[in-house]
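Okay, structure first, notes after.
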Amino acid sequence: MLSGLAYFLASTLILQPVQAEVADRLRQAKVAPEVVAQAQACVSAALPTLVQRVGDDYWWAATTAAGVWLGLTPLERVVADVAPSCRGTIDTIRAS
């Protein structure tokens, strides 16, 4: 039950907004399709780690989701925190 709730929270409140923002930024920057695919794969691969983090620390999940929703926490920082392997892709997106 709790893992299902953690998955829902991570997916709905953090992962989906991240994916939408990444796709939007890449479309605006007219980035190569390979970079778009790499970014989407990296963000999707972060979901299990994100779910684990949400399940382990509901306070972090709530404050992170609120920060993202209010525009106080950059989405790329959330992804970089839970998936350090995505930092290269995030840097590529930022440079775009």
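If you're wondering where the values come from, they're calculated on a predicted model, not measured in any experiment.
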Inset, instruction - Enumerate the residue pairs fulfilling disulfide bond (SG atoms under 2.5 Å apart) with a member in residues 30-85, sequence neighbours excluded, ordered by first and then second residue. - result: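 Qualifying pairs, neighbours excluded: Cys42-Cys86.
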Legend entry - For Pro74, all residues meeting side-chain contact (heavy atoms from CB on, under 4.5 Å), sequence neighbours excluded: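 So Pro74 forms a side-chain contact (heavy atoms from CB on, under 4.5 Å) with Glu76, Arg77.
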Inset, instruction - Starting at OG1 of Thr63, measure out to OH of Tyr58 and round the result to the nearest 0.5 Å. - result: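 It is 14.0 Å, given to the nearest 0.5 Å.
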